[in-house]
> 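The structure follows.
In what follows, chains are A, B, ... by sequence order, proteins preceding strands, each numbered from 1.
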Number of protein chains: 2
Amino acid sequence: MTDPAEERNTTAPARLRTLPTRLLSLVTMHSDRIVTEGLAGADARKWHYAVLATLEENGPASQAELSRRTGVYRSDLVAVINELSARGLVERAPDPADRRRNVITLTGAGRDRLRRLDALIGSLADEVLAPLDAAERDQLTALLTRLLDHHGGHPGPG
Amino acid sequence: MTDPAEERNTTAPARLRTLPTRLLSLVTMHSDRIVTEGLAGADARKWHYAVLATLEENGPASQAELSRRTGVYRSDLVAVINELSARGLVERAPDPADRRRNVITLTGAGRDRLRRLDALIGSLADEVLAPLDAAERDQLTALLTRLLDHHGGHPGPG
DNA sequence: GTACATCGTTAGTGCGACTAACGCAAGGGA
DNA sequence: TCCCTTGCGTTAGTCGCACTAACGATGTAC
């Protein structure tokens with residue numbers, strides 16, 4: 001292997017190169033990697049951001065409600081809340097009105113953290129969408145949104 | 001929960017709903033599920049299709065070369081070739097010119113199978129892209145292709 | 001000939017989506 | 001009042017997939 005340009009990614013056959021479902025998979029793989037690694041560098045995960053953002057926009061909520069809004073399974077949400085509360089970004093308290101529930105509340109530190117993550121996520125999204133101009137990004141977002149709506153939102157817990 | 005329309009997917013916060021990286025993840029999740037389940041119903045997997053298509057378009061190849069073209073790790077490719085050859089769709093033979101390699105060859109049955117999978121994948125892609133008209137599908141494909149090219153093809157083995 | 005690279009293969013890791021089942025609490029009839 | 005159903009938080013565990021590490025065997029370069 002003497003030519004570094006040929007080391008990897010010998011071109012795939014035409015059928016695969018233009019197959020939309022495959023394109024989605026591959027692009028998402030890159031995108032997820034960039035986001036996951038970027039967030040890991042800030043001691044965070046995608047779910048952390050999703051939960052914090054949901055709390056800020058909709059106010060305190062039970063874990064089940066957070067699960068419905070974010071698409072994270074409530075079984076997995078337990079660990080997320082543990083991590084967030086261990087960092088002091090969130091508070092978990094039993095709901096006096098319904099003793100089955102925990103009320104999750106965003107703390108001041110959580111709000112600060114969310115600001116930083118907003119900026120970070122923005123720059124990571126920029127990295128993913130680098131080759132597209134503003135109009136094209138809007139196009140992509142609109143197309144994806146329509147697909148998502150058609151298929152019924154996040155696939156996860158319901 | 002008496003209203004079936006409200007059972008699931010309480011709307012997510014705006015920040016999440018418009019975040020392109022998240023949209024990609026969610027749409028791909030739906031897409032992958034549809035494709036994977038559709039192929040499973042025909043006793044096939046995504047990788048089977050990728051390998052068969054590559055073999056037809058580029059002719060017989062070693063496993064390492066198939067790995068580069070499809071993006072499947074050569075460690076995982078072993079099982080794929082096993083499955084394909086067990087079904088008589090492919091033949092694995094040692095390469096007399098380079099005894100490290102196996103030459104993988106598409107059989108007649110493999111070609112027939114590929115035809116059926118082509119049709120199946122087409123209909124599954126239709127299902128994924130249902131809400132988009134032809135022009136919009138082209139748009140989406142073009143945008144995704146540019147993103148993929150920018151990030152250097154399939155992320156996998158190189 | 002010796003050092004290095006490539007090939008096929010085996011084994012194993014890590015993570016994310018997803019399921020099952022539990023004890024507990026709330027609400028709605030009879 | 002008892003029961004039955006439903007929702008809640010939590011624990012444990014499964015499954016598939018991307019990915020790594022290492023191996024013996026073979027080919028290639030110096």
Side-chain angles (χ1 to χ4, degrees), chain A residues 1-4 6-8 10 22 25-26 28-37 39-40 45-48 50-51 61-68 70-83 85 92-104 154-158, chain B residues 1-4 6-8 10 22 25-26 28-33 35-37 39-40 45-48 50-51 61-68 70-83 85 90 92-104 154-158:
Chain A
M1 215 54 88
T2 51
D3 182 355
E6 278 184 339
E7 299 186 328
R8 39 180 299 140
T10 307
R22 182 179 162 96
S25 284
L26 294 179
T28 296
M29 222 178 247
H30 283 288
S31 168
D32 274 359
R33 174 138 61 204
I34 288 173
V35 171
T36 300
E37 289 178 357
L39 286 177
R45 312 185 189 180
K46 292 186 288 184
W47 292 343
H48 293 192
V51 167
S62 70
Q63 297 182 193
E65 194 182 341
L66 287 174
S67 169
R68 282 180 226 113
T70 59
V72 179
Y73 278 76
R74 65 190 210 278
S75 47
D76 297 325
L77 198 56
V78 176
V80 176
I81 302 297
N82 286 344
E83 292 161 5
S85 75
R92 180 200 260 132
D95 184 345
D98 184 343
R99 307 211 324 269
R100 294 170 301 179
R101 303 185 187 183
N102 291 333
V103 181
I104 312 300
H154 43 64
Chain B
M1 216 52 91
T2 51
D3 182 354
E6 278 185 337
E7 292 182 339
R8 40 179 299 141
T10 307
R22 182 180 163 98
S25 284
L26 294 179
T28 296
M29 221 178 248
H30 283 289
S31 169
D32 274 359
R33 173 137 61 206
V35 170
T36 299
E37 289 179 356
L39 286 177
R45 312 186 189 181
K46 292 187 286 184
W47 293 342
H48 293 191
V51 167
S62 70
Q63 297 182 193
E65 194 183 340
L66 287 174
S67 169
R68 282 180 227 113
T70 59
V72 179
Y73 277 75
R74 63 188 212 278
S75 47
D76 296 326
L77 198 56
V78 176
V80 177
I81 303 297
N82 286 343
E83 292 162 5
S85 76
V90 136
R92 180 201 260 133
D95 184 345
D98 184 341
R99 305 205 333 263
R100 291 171 303 180
R101 303 185 187 185
N102 290 334
V103 181
I104 311 299
H154 42 64

> Could you work out, with side chain to side chain contact (heavy atoms under 4.5 Å, CB included) as the rule, every residue matching Val80(A), not counting sequence neighbours?
Trp47(A), His48(A), Val51(A), Leu77(A), Leu84(A)
> Rounded to whole angstrom units, what separation is found between the CG atom of Asp95(A) and the P atom of dA25(C)?
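After rounding, the reported distance stands at 14 Å.
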> Passes side-chain contact (heavy atoms from CB on, under 4.5 Å), Asn102(B) versus Ile81(B)? Steps please.
CA-CA 11 Å; Asn102(B) 290 334; Ile81(B) 303 297; over 6 Å; no
> If I take atom CD in residue Glu83(A) and atom C1' in nucleotide dC15(C), what distance separates them, rounded to the nearest angstrom?
13 Å
> Using the closest heavy atom to pick a nucleotide of DNA chain C for each, name whichever of Val78(B) or Arg101(B) lands nearer the 5' end.
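In this pair, the answer is Arg101(B).
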> Calculate, to the nearest 0.5 Å, the distance between atoms CG and CZ belonging to Leu66(B) and Arg74(B) respectively.
13.0 Å
> Nearest-Å distance, CG (Leu77(B)) to P (dC7(C))?
12 Å
> Considering just the side-chain nitrogens and oxygens of Gln63(A), establish if one lies under 4.0 Å of OP1 or OP2 belonging to dC8(D).
no
> Between Arg92(A) and dC8(D), is there a side-chain N or O to OP1/OP2 distance below 4.0 Å?
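For Arg92(A), the contact criterion (side-chain N or O under 4.0 Å from OP1 or OP2 of dC8(D)) is not met.
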> Within the pair Arg68(B) and dC7(C), is there a side-chain N or O less than 4.0 Å away from OP1 or OP2?
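Yes, because at least one side-chain N or O of Arg68(B) sits under 4.0 Å from OP1 or OP2 of dC7(C).
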> Distance from Gln63(A) atom CD to Ser75(A) atom OG, nearest 0.5 Å?
11.0 Å
> Does the Ser62(A) side chain pair with the main chain of Val103(A), one donor and one acceptor, at a distance under 3.5 Å?
no
> side-chain contact (heavy atoms from CB on, under 4.5 Å) for Val35(A) and Arg22(B)? Distances and angles first, verdict last.
CA-CA 10 Å; Val35(A) 171; Arg22(B) 182 180 163 98; over 6 Å; no
> My understanding is that only residues two or more places apart in sequence, or in another chain, count here; which of them pass side chain to side chain donor-acceptor pair (under 3.5 Å) with Ser85(B)?
none
> My understanding is that only residues two or more places apart in sequence, or in another chain, count here; which of them pass side chain to side chain donor-acceptor pair (under 3.5 Å) with Thr28(B)?
Thr28(A)
> List the residues meeting side chain to side chain donor-acceptor pair (under 3.5 Å) with Asn82(B), not counting sequence neighbours, and say none if there are none.
Arg92(B)
> Could you state the atom-to-atom distance from CG of Asn102(B) to P of dG27(D) in whole Å?
12 Å
> If you restrict it to nitrogen or oxygen atoms, what contacts under 3.5 Å exist between nucleotides 23-26 of chain D and the protein, and what is each distance?
residue, atom, partner, partner atom, Å
dT26(D), OP1, Arg99(B), NH2, 3.4

> Identify the pairs formed between an N or O of the protein and an N or O of nucleotides 15-21 of chain D at a distance under 3.5 Å, and give each distance.
residue, atom, partner, partner atom, Å
dC19(D), OP1, Arg33(A), NH1, 2.2
dC19(D), OP1, Arg33(A), NH2, 3.1
dC19(D), OP2, Tyr73(B), OH, 3.4
dC19(D), O5', Tyr73(B), OH, 3.1
dC19(D), N4, Asp76(B), OD1, 3.1
dT20(D), O4, Ser75(B), OG, 3.0

> It should be established whether Asn82(B) places a side-chain nitrogen or oxygen under 4.0 Å from OP1 or OP2 of nucleotide dT9(C).
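No, Asn82(B) has no side-chain N/O under 4.0 Å of OP1/OP2 on dT9(C).
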